[in-house]
Amino acid sequence: MTSRDKQAIQMLLHAPTVGVLLRARKNAANILKDDVTAEVRIVVNGDAVSASLDQPDLSADPMTWVCPNTLRNLARQPEASMHVLPHAAALALAMLQREGWIYVRA
């Protein structure tokens, strides 16, 4: 086993739609159940932003990173337990992948 194998997995679950958001939340729970050392972020943009705000999930919300552009377009604020991405979702996803995060469209 190499030192790379011992590093915790950093996974991005991209959820741009309502249906994908629900799947991403389930995926996140299953990933963390199977690997408690994993770091999981659910990145929401598009239609998934309203859904994530309208249907809070106490276990998934702290892992949820919201697109600031979509929030601004909707004139909404994230839940206190959520995070706002520092850039538009597409750019943030690209930058995180460059840092070694694994991208999965949920």
Please output the side-chain donor-acceptor pairs of residues 91-106 that fall under 3.5 Å, not counting sequence neighbours, one pair per line with the distance.
{"unit_1": "Gln97", "atom_1": "NE2", "unit_2": "Leu93", "atom_2": "O", "d": "3.2"}
{"unit_1": "Tyr103", "atom_1": "OH", "unit_2": "His14", "atom_2": "ND1", "d": "2.7"}

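The salt bridge (charged side-chain N to carboxylate O under 4.0 Å, His left out) search around Asp61 returns Arg25, not counting sequence neighbours. Partners of Arg76 according to the salt bridge (charged side-chain N to carboxylate O under 4.0 Å, His left out) rule, which considers only residues two or more places apart in sequence or in another chain, are Asp54. Remark: Ser59 engages Asp57 in a side-chain hydrogen bond (donor to acceptor under 3.5 Å, both in side chains) (not counting sequence neighbours). Take Trp65 and apply the ring-ring contact (aromatic ring centres under 6.0 Å, His included) test, not counting sequence neighbours, and it matches His83. Listed by chain and residue number, nothing satisfies the side-chain hydrogen bond (donor to acceptor under 3.5 Å, both in side chains) test with Asn27 (two or more places apart in sequence, or in another chain). By the side-chain hydrogen bond (donor to acceptor under 3.5 Å, both in side chains) test, Asp35 is found to be paired with Thr37, residues two or more places apart in sequence or in another chain being considered.
The cluster map of Ile, Leu, Val, Met, Phe, Trp and Tyr, joined by side-chain heavy atoms under 4.5 Å apart, puts Met82 and Leu85 in different clusters.
Within the model, atoms SG of Cys67 and NE2 of His87 stand 11.5 Å from one another, a figure rounded to the nearest 0.5 Å.
When atom types are taken as modelled, the side chain of Ser50 and the backbone of Asp47 share no donor-acceptor pair closer than 3.5 angstrom.
Between Gln10 and Glu39, the closest side-chain pair of non-hydrogen atoms falls below 4.5 Å. Ile31 has its side chain within reach of Met11: a pair of non-hydrogen atoms, C-beta onward, lies under 4.5 Å apart.
Here the shortest heavy-atom pairing between Val20 and Ala15 reads CG1-CA, 3.6 Å. Smallest separation of non-hydrogen atoms from Asn45 and Ala89: CB-CB, 3.7 Å. Taking both residues in full, the closest heavy atoms of Val84 and Pro78 are given as CG2-CG, 3.6 Å, listed atom of the first, atom of the second, then distance.
When the options Leu21, Leu71, Leu53 are evaluated for a side chain to side chain contact (heavy atoms under 4.5 Å, CB included) with Val44, the one that passes is Leu21. When the options Val66, Asn73, Leu74 are evaluated for a side chain to side chain contact (heavy atoms under 4.5 Å, CB included) with Thr70, the one that passes is Leu74.
Sorted pairs that involve residues 21-56 and meet ring-ring contact (aromatic ring centres under 6.0 Å, His included), not counting sequence neighbours, are lacking altogether. Counting only residues at least two apart or on different chains, no ring-ring contact (aromatic ring centres under 6.0 Å, His included) pair has a member in residues 17-57.
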Report the C-alpha separation of Met63 and Leu32 in whole Å, then their side-chain angles, then the decisive distance to 0.1 Å, and conclude whether the side chain to side chain contact (heavy atoms under 4.5 Å, CB included) test is met. CA-CA 11 Å; Met63 293 180 271; Leu32 293 171; 3.5 Å; yes
